Amino acid sequence: MTFSGMSVQVIMRAAGLVALVYGLVYLLRIRERRIPVTQWFLWERILRAGESSLWARILRRIFSYLLQLLVAFALLAALMEPRATGEGPRGRSLLILVDLSASMGSTDVKPSRWDVLRGELSARLEGLGPGDSAALVVYGLRPRVVEGWTGNIKKIISRLDTLHPTDEPADHGRALRFARTMLSGRTHPEIGWVTDGQGHPKGVVWLPVPPECSEQSGMPISGITIKALTIKKKLVKSNSYTDHGFVRFSVRPRPDDPDTADAYVRIRRFRGTARAYMDLYVDGNWRTRMDITGDDFERIFPVPLGGSTIQATLSSAGGMDVMSSNDEAFAAAPPVSQPRIALVGEENFFLEAALLLTGGFLKRIPADEYTPSALADCGGDPCNIAVFNEFSPPTVPDVPNQVYIHPPSGPFDVARRHRENLQILWTGGKRPHPIMKGVRMDDVNLWGTWYSFRLAPTDRPLMQIDERGTVVSMLRMDSGRRLVSLGFSLRESDFVLLPYFPVWILNLISWFTGSSPDLIASTPTGTLVDMGTAADTLDTPKNVIRGRIETFVPSWRGIYRAYSNGSETFAMGASLLDAREGDPHTGQPEISCRKVPYWEKPAVIKARTSSLPWLRLLMVFVGALGLLVMGRLRGALGSALVLTGLAFAGAGTVALVLLLGYSPWLALTAGAFVVSWFEWISYHRRMTV
Amino acid sequence: MKSLTSHRRQLEARVRKEFEHAMDPEFLRTLERLFLVSKQVLSGRFRAERRTRKRGSGVEFADHREYVPGDDVRAVDWNLYGRLEKLFVRMYEEEEDLPVYVLFDVSHSMLEGSPPKAIHAFRIGAAIAYIALASMDRATLMPFAGKIDAYMPPARGKSRIFRLFQSVRTARVGGQTTLQETAKSLVYRRPQRGHVVIISDFFDPDGFEEALRIFRYGRHHVVAVQVLDKRELNPFMAGDVELVEVESGRRISVTATASLIERYRQELKRYTKSLESYCRQHAIPYFLTVSGDDLDMLILDFMRKGGVFT
C-alpha cells in the first residue's frame, strides 16, 4: 500500500505528531468533571461495592485511548489516499474494457448509464499504484484499442471523457477474448470491465472463473482477475419509462413500379405500455405514418419511393423513450451502374438472351476481330463487363469485370482436363456467394472436355464437384478486377437449358454492377462492411473519412456513402437491429458454467464485482457483536472483550468495504467510523466504577 | 467546577445576599399573607387553648400526691384526709404558652441547590417564626450547622421578627452538619421546653436519630422538615465524573451510569424513608420539601399537621 507517494519517514513523522497532539488532547479530556455532592455517606455506601473495578477503569481508559489513537491513525491514513499495490514492484496490468454499446446511452439512469459508470471508473482509476500499467479498450460488436499500455493513468482518464456510446450492439464474449489476447504474457493481468451487461451473450458473471468452467464457456480467461463495474439495480427504478425499437427494417423497390417500394418492419416494445408511431421519410421527405400496437409489431407495406434513402422513425405516444439508438432505422439503395457488356468469342443464343435480360448495352466481338481497344467503346463508354466465350485473350484486358467461359488457355491455372460426366454438387454450401444464390448445378450434365482449376490463395471457388474440391468455377480478385471462370462449355452441357442459367447470369451482372435483386436491408451496426471496390472518401453520419477505404464498420445509425474520384460508388443504411441490446431485461454476460437460478436473474443489470466471503464476514460481525454484548460484564474482562469486539468490528468493516471494491481510504474511514461509534456508545456501558 | 474553596465562597456569598433581602418589604408581605392564610386554618385555636402537661397552679385538676413538708397547705385535700386519714395535696395542670424554636440548617451541604437549600430552609423557618410571633407566641429563629453559637431567646410580638432577621444576617454560614451538637447545644442550655422545628437536609454521617432523641429528652415537641434539592433527587450527571463532598472536600472518581444513578436514587429513598419512619414511630411530624417549591402549600400543611399551633 502506498500513500500518495509519501515516504515511510514522512508518514511516521506525521503519525508521531498526530499521536502527540492526540495524547495531549486525550489527557485534557480525561480530566473528569467535578460534581459537588452533599450526601457523601450515601455515595460511599453505593460505591463500596464497586471498589474492585478500579483497575478496570484504568484499563478501560487505556483501551479507549488506544482505540481512539487507532481511529486517528486510520483517518490520517485515509487522508493520505492509500493505494493498494499488493503485487510488488512489477505492478498490475489493468486492461480497462469499456462497453460502449447502444444500451450504455440509455437514460433510465440519470444522466445516462455511461455517464454514471464513467464517473465511478475515473474515481477508481485514481487508486492505481505507480507500478501499474493500464490500457483502454472499448467495444460494441467489435473491440477497439483506444489507448495502449501506459503507466500514465491520467492519460486514460482524459481519454474516457472523449468516449461516447455508439449505436452498436455489444458482444461481451468477443471483447473478453480480445482482452485475454492483449493480456497474454503480462504480469498480474486484470480486467476492469465497465458494462451494463446488456447484449450478447446472456448470463451472469461469476468471478473468479473456475478453471473447469473456462473451457466449457469457450472463454479460457482463468488466471485473469476480472472486476466488473456495472449499473446497480437500485439505480433503475422508474416504471414510467418506455422503449420501442426496430429489430428489422428492409425496403425493396417493386420491379414493376420503380416509384413504389415494399417496406418490411419489425418493431418490439421492450418496456412500458405506451403506444408508438412510426414515420417514414424518403430522401428526408415525409411519406407515411403508422400506429404501432402490441409488443411485437411486424408488417410489410407499400411505400411511395421516389428516392434512394429511406428513414423510419419511432416516437412514443406516452412516457419517455430511454433508448434512442433503436428508434431510427435507415436503408439506402446503392448506386447502380449500367452494365455495358462486350461478348467476345463464340456466339451463343442462350448466353446472349440471358445477357440481354439485364437491360444493359451488349456489344458482340468475334474472336478474330478482338483487340483490347475494342473493349474501350460500348455505346460511347468503356465496357465494364467482358464475357469471353470459348476464347482467351492474349493478355488480361483492363476491364473491371470479366467472365471466362471454357477458356482454351489462361488466365487461370488448369488443374486437370476431364472427360467424364460428373455432377456439380457444391455451389457454396449454406452460405453461397451472391453469384451462386438460387443456382443449383446437380442436374447439369457435362460432356466433351471440361476443366478443373487450381486455386490461388486469394481465389474463391463458386462451383465444385463436391465439398472436397475439383473446382469448376471460381472468382479471382486481380488488381481491382473481378475475374470469373467457368470450366465447361455451354455448348457441351445442358446448363443453358435449365432456368438456373439466366439466374446465374443475372446474379453475375448484378454483383458486377453492385445492384441486388434482394431486399435493400438495413445493415446492422457494428458489422464489417466490404464495399468491394476501394473508395477515397466515406461519408458517415458522424464524420467524413478520407483515404483508401475498402472496408469499414458502421458504428452509428444513419446513411453511409462512399465516393471515388467524386462519384458515388457505394451507399447503405445502418441501424441498430439487435433485440438483445434493446431489451433492458437481458442478463449479464456469462462466463461461468453454473446455471443461474431464476431468483438471481436481475430485472436490470447487476454484475458481481467479486465473490465476497459473506459467511466469514458475517461470522466476524456476529463475533464482534457478541463480544460487545459480553462487554457489559464488569471489570477488566469486560474491557478486554469490548476491545477485541471493537477491533473485530473495525477490521470487518474495512474488509467488507475493500471487498465491495471501494478505495482503501474509504474503507479506512468506514472502519474508523464504526470503531468510533461503538466506542462512543459502549464506553460508559461496558463497566461501572 | 472551580476549586472547592472558591465554590464554597461563592455559595456563602449567595446565601448571605439572600439573607440580606430577608427584610425586604416584599418578603414581609409574603410572610403576612402566609400568616393570614394560617389564621383562617387555625381560627380559635391559639394560645389560650394550648396547654402543657406541667403540673402547676392552674384551675384544671390533674392528680393527687402525698403531702410532703413545704407543700402549700391550701392544696391539701381534706375530704380525702377524712376518708383515708392521710394527707394528699391536689395537683392542677399549669397553663403556659410554649415557645417555638425554629432551627434551620446552614451547613455547606445546605448551600447547594437551586435555589440553595439554606435559602429555602430560611424562608420556611421565617414563615413559621413570623406566624408564631404574629399569634402572640414566643418564637425564635436560629441558623445552625454544628452547635448553636448565637442563641436568641424566644420573644413575643411581630416586631421581634426584625431582630431575628438581624441575628440571621450576622450568623456564620457553612460548616459541617452535626445534628447531635445542635441538639445538645440547645437542650443543655435548658431553655423552656417548647416546639423545636428543625429544618435541614438531615444529611449527617452520624445519623439523625441521636439528635432527635436529645430533643425529645429535653421534653421538646419536635417537628422535622427535610429540605432536598431537585438535583439531589435526580442527579444530572453522566460519564466519568469526580464527586466532591462539599463539607469535607473528599473526592472520588466514578462512572455515572444509568444503573449507578438508579442505585443512588434507591439509597436516597431508603434514607428518607428511614427518617420518615423514625419520626412516625416517635410521633414527630415530618415534612419533605424540595428547594424552590411553593411555600404556601407547605405552610398550610404544616399548620394542619405540624402540631405547633394546635
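Because the structure is predicted, anything quoted here is derived from the model rather than measured. So you know, we letter chains A, B, ... as the sequences are listed, proteins then strands, and number each from 1.
For B:E267, the parts lying near chain A are the backbone and the side chain together; criterion is any non-hydrogen pair under 4.5 Å. When heavy atoms are compared at a cutoff of 4.5 Å, B:R270 does not approach chain A at all. Of the two parts of B:Y264, the backbone and the side chain both hold a non-hydrogen atom closer than 4.5 Å to a non-hydrogen atom of chain A. For chain A, the nearby part of B:D204 is the backbone; its heavy atoms alone come within less than 4.5 Å. Neither the backbone nor the side chain of B:R231 comes within less than 4.5 Å of any heavy atom of chain A.
Interface summary for chain A: among B:H108, B:K117, B:M237, B:Q266, the most heavy-atom pairs under 4.5 angstrom belong to B:M237.
Within 6.0 Å of CZ in A:F648 there are 12 or fewer heavy atoms belonging to other residues, nucleotides or ligands. Within a 6.0 Å radius of CZ in B:R9, no more than 12 heavy atoms belonging to other residues, nucleotides or ligands are found. Annotation for A:F621: atom CZ counts as buried by contact number, over 12 foreign heavy atoms lying within 6.0 Å. Around CZ of B:R172, the count of heavy atoms belonging to other residues, nucleotides or ligands within 6.0 Å does not exceed 12.
Of the options B:L268, B:L243, B:I252, a side chain to side chain contact (heavy atoms under 4.5 Å, CB included) to A:W43 is made by B:L243 and by none of the others.
Within the model, atoms CD of A:E44 and CD of B:E245 stand 8.5 Å from one another, a figure rounded to the nearest 0.5 Å. From B:F203, atom CZ reaches atom CG of A:L42 across 6.0 Å, with rounding to the nearest 0.5 Å.
Of all non-hydrogen atoms in B:R263 and A:I46, the two that sit nearest each other are NH2-O, 3.0 Å.
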Problem set entry | Intermediate values then yes/no, side-chain contact (heavy atoms from CB on, under 4.5 Å), A:T38 and B:E232 | CA-CA 8 Å; A:T38 53; B:E232 286 172 334; 2.5 Å; yes

